[in-house]
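The structure appears right after this line, and notes come after that.
Each chain gets a letter, A, B and so on, in the order its sequence line appears, and its residues count up from 1.
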Amino acid sequence: MSSFDEADAFESASLSARAMAARPQPYLEGLNPEQRAAVLALEGPVLMLAGAGTGKTKALTARIVHLLNTGTARPNEILAVTFTNKAAREMKNRVSGMLGQTVEGMPWLGTFHAICVKLLRRHAELAGLKSNFTILDTDDQLRLVRQILDAEKVDRKKWTDRWFLLHIENYKNRAESAERVGAGNGKRADRIPGAAADGTGFQRSVGDVYIQYQTRLRELNAVDFGDLLLHVVTIFQTHEDVLKQYQRWFRYILVDEYQDTNVAQYMWLRLLAADHKNICCVGDDDQSIYGWRGAEVGNILRFEKDFPGAHVVRLEQNYRSTPHILGAASGVISGNKGRLGKELWTEAGEGEKVRLIGHWDGEEEARWIGDEVEAMQRGTRGHAPVSLDDMAILVRASHQMRAFEDRFLTIGLPYRVIGGPRFYERMEIRDAMAYFRVVTSPDDDLAFERIVNTPKRGLGDKAQQIIQVTARENGVSLVEGARLAVDAGQIKGKGGSELVKLIDGLARWSRMADAPDISHIELAEIILDESGYTGHWQNDKTPEAPGRLENLKELVKALEQFENLQGFLEHVSLIMDNESEEGGAKVSIMTLHAAKGLEFPAVFLPGWEDGLFPSQRSMDESGVKGLEEERRLAYVGITRAEELCTISFAANRRVYGQWQSSMPSRFIDELPQKHVEVLTPPGLYGGGYGAAGMAQEQPVHSSLAENAAQADGYNSPGWRRLQARASQRPMSQPKETRNTVIDLQAVSSFMIGERVFHQKFGYGAIIGIEGDKLEVAFEKAGTKKVVASFVSASDDIPF
DNA sequence: CTACAACCAGTTTTT
DNA sequence: CTGGTTGTAG
């Protein structure tokens, strides 16, 4: 059953407009003049340019409340769109808070996707779908692409499923339908490079795959996330009556984070606002950091052209950060061209300068930050103690997190990583949900495919192929196909009997789902139990297994909030977050992207090195555009800080196991000196390097020495030259490896008992030799057979 | 069909 | 380095 109730959404305005008209307006009291202007300008197009920390959400919610309170609009006449469920939730809460009552019937406050699901369910037939269509997750999408590629005999080593999916999604972000893309077949830029010459038989374009992908989706009665927008836009474009209807219904439109809209979302909004033009877009062009997934900064930059006569309000008074922090941030962002232009200011006292510190390597950086966090927690240099909850470490790329995790575990500093793999993305959760999906809708082939041999039932590629073929030949679902194949005796042995067990189980569970005397929670437990899925993890001896069982329990617990399995699945397909938080205070570690919208009294920004931040890949792939987005990311990072912002970089860093040296980020040069204090790194003055002892080996040309000497001129030419010199000189690896790699073709003789080293398994002793294969007893990894060329002799003292 | 070793690629992430 | 995928031996 869908959670969406039409009547509720459109008809039952629970708050009478007239009854509200004369109410007082306390929500206007706490607003500054600009915020107030943005709230009061209810009619016509409004662009609210809201800088970081300028009370954007406050103004936005006040605007909604004002619409309601003055009787200008009823709750169900307001379309309020956000990007994330979190933002939608917060807005809902704040509106209720301001209104002093729960918001009954604001059915159109939600994410783009959630709102589009509602719309598309109403008009599914106009998109060639049934209204109970399913929404695919990334796994399903890839499985689908893979099927198409295999059918087309595409060499998947050369062009991966991900590559195709990426392109398809890019098309969808730009609202380009398969028909349209396919029509340009062969002439367009989407032609697969080198395909014709490859001899794989696949000589066509991404457009062809896109077309087939859409065809399959329709056959499956399914959509992906991109489709939710694209289908609705297409319906609006081709059915004027439908569009008109919604233009009348949604009398007032509000959009949060407008700088993150993609072309499809932009078109969707323009269509809906075309008639009355009561659209209020809120955003900050300086915080557009999602270009790589289709966001178009151009949308916000063009607003006044799109909506002539638009009322533009700038929120520039910042309530979050100190002047030094704002000064540093605006210094950096001023390097970008084509901004709408904003200057943040604050009434806050001067505060501390942004601190800048360079380190010898990434480990020292982590060590220093760990110490600093502890010191701040204790309260140092006249500062009051800072709670760990109030500190955050914001990195450019998630692999930077490991250094901090390692260090914090060593010193026992509690931390939390935000934005890791989310609950519903974990393998065991997806498996379990795939079971639920097949039980609730037996036609869900993708889900069936996922679980048919999970846990292992002896149904490998061959058996699965038979099922596929049988299903296709008879035009039935995979479950049905499996039944037919078994009946025809095509799947024999253990696999056959296991398959029968599975099919019978599915049928039985489906019946239970309809039975009134079994709760869906019991049903879920029965499914997981009888399918053998729980047992599979109980028998698993790997260290993750207990955690996975724990997660499954949590999943079952989460079911309690829903009436039935369908309701749960519907919810999960749209809401994929899970932030259960317990325990004491912790430092947060997260990416800069994940930090957008958050704020912390103390922020650390490590890894400001050219190539890492700004990311080389961004610059290579998107040139100046890429660099500008990176710069906005820097701006976002700095403006997360309320009181103390510490930027750091390391001269050397281990990347994919290799040591690499780099120059300080070009963004460091862009920090205005008057807002920055350069700290002296600890390493030079004893102690810092500990056992590594490389301070002696690499004394003078260390960038740190220069850093200390040039405390006031870190961006001087001298500093630059020195950095360039340091990076040209290959740094010797700080931690010496003591095993020597020996060319085995040259040496070719191994002896039993000899000590060797293997990349993956570590150290071990040879206990057997067969031709070019060695049997090695590894110290940590046990006894393995390895090819001789993969081990090297170790000159460690044999034990 | 499964298990294990070899190979390979490797930002950012929401819905 | 590391995790995910592919290829091959049992």
**OP:** Indicate yes or no for a side-chain donor-acceptor contact from Asp161(A) to the backbone of Leu142(A) under 3.5 Å, with no hydrogens or angles considered.
**Re:** no
**OP:** Assign each of Lys456(A) and Leu592(A) to its nearest nucleotide of DNA chain B by heavy atoms, then name whichever residue's nucleotide is nearer the 5' end.
**Re:** Lys456(A)
Original post:
Whole-Å distance between dT14(B) C1' and Glu169(A) CD?
Top reply: 11 Å
Original post:
Over how many whole Å does the gap from Asp256(A) atom CG to dT14(B) atom P extend?
Top reply: 16 Å
Original post:
Taking NZ from Lys172(A) and C1' from dT15(B), how many angstroms apart are they, rounded to a whole number?
Top reply: 13 Å
**OP:** Quickly work out the Arg430(A) CZ to dT15(B) C1' distance and round it to whole Å.
**Re:** 12 Å
Original post:
Considering all heavy atoms of both residues, which atom of Val332(A) and which atom of Ala634(A) are nearest to each other, and what is their separation?
Top reply: CG1-CB, 4.1 Å
Below 3.5 Å is the cut-off: list the nitrogen or oxygen pairs between protein and nucleotides 10-12 of chain B, distance only.
unit_1, atom_1, unit_2, atom_2, d
dT11(B), OP1, Tyr656(A), OH, 3.0
dT12(B), OP1, Ser398(A), N, 2.8
dT12(B), OP1, Ser398(A), OG, 2.4
dT12(B), O4', Arg396(A), NH1, 3.2
dT12(B), O2, Trp292(A), NE1, 3.2
dT12(B), O2, Arg396(A), NH2, 3.1

Original post:
Does dT14(B) have OP1 or OP2 sitting under 4.0 Å from an N or O in the side chain of Asn85(A)?
Top reply: no
Subject >> Nucleotide dA9(B), atom C1' - distance to CD of Gln658(A) in whole Å >> reply: 14 Å
Original post:
Which whole-number value in Å describes the distance from Glu257(A) CD to dT13(B) P?
Top reply: 15 Å
Subject >> Side-chain touch Trp268(A)/Ile115(A), heavy atoms, less than 4.5 angstrom >> reply: yes
**OP:** Take the protein atom CD of Gln465(A) and the nucleotide atom C1' of dC1(B), then report the distance between them rounded to whole Å.
**Re:** 14 Å
**OP:** Between Gly226(A) and Gln464(A), just flag the one whose closest nucleotide in DNA chain B comes earlier from the 5' side.
**Re:** Gln464(A)
Original post:
When the aromatic ring centroids of His113(A) and Phe83(A) are compared, is their separation below 6.0 Å?
Top reply: no
**OP:** Measure from CG on Asp224(A) to C1' on dT14(B) and round the result to the nearest Å.
**Re:** 14 Å
Taking only distance into account, with no hydrogens and no angle test, what donor-acceptor pairs under 3.5 Å do side-chain atoms of residues 613-625 of chain A form with protein atoms, sequence neighbours excluded?
unit_1, atom_1, unit_2, atom_2, d
Ser615(A), OG, Arg617(A), N, 3.2
Ser615(A), OG, Ser618(A), N, 3.1
Gln616(A), NE2, Asp620(A), OD1, 3.1
Arg617(A), NE, Glu621(A), OE2, 3.1
Ser618(A), OG, Glu630(A), OE2, 2.8

Original post:
Just by distance, with hydrogens left out, do Glu176(A) and Tyr210(A) show a side-chain donor and acceptor under 3.5 Å apart?
Top reply: no
Original post:
Residues two or more places apart in sequence or in another chain: which of them pass side-chain contact (heavy atoms from CB on, under 4.5 Å) with Asp227(A)?
Top reply: Lys172(A), Gln214(A), Leu217(A), Val223(A), Asp224(A), His231(A)
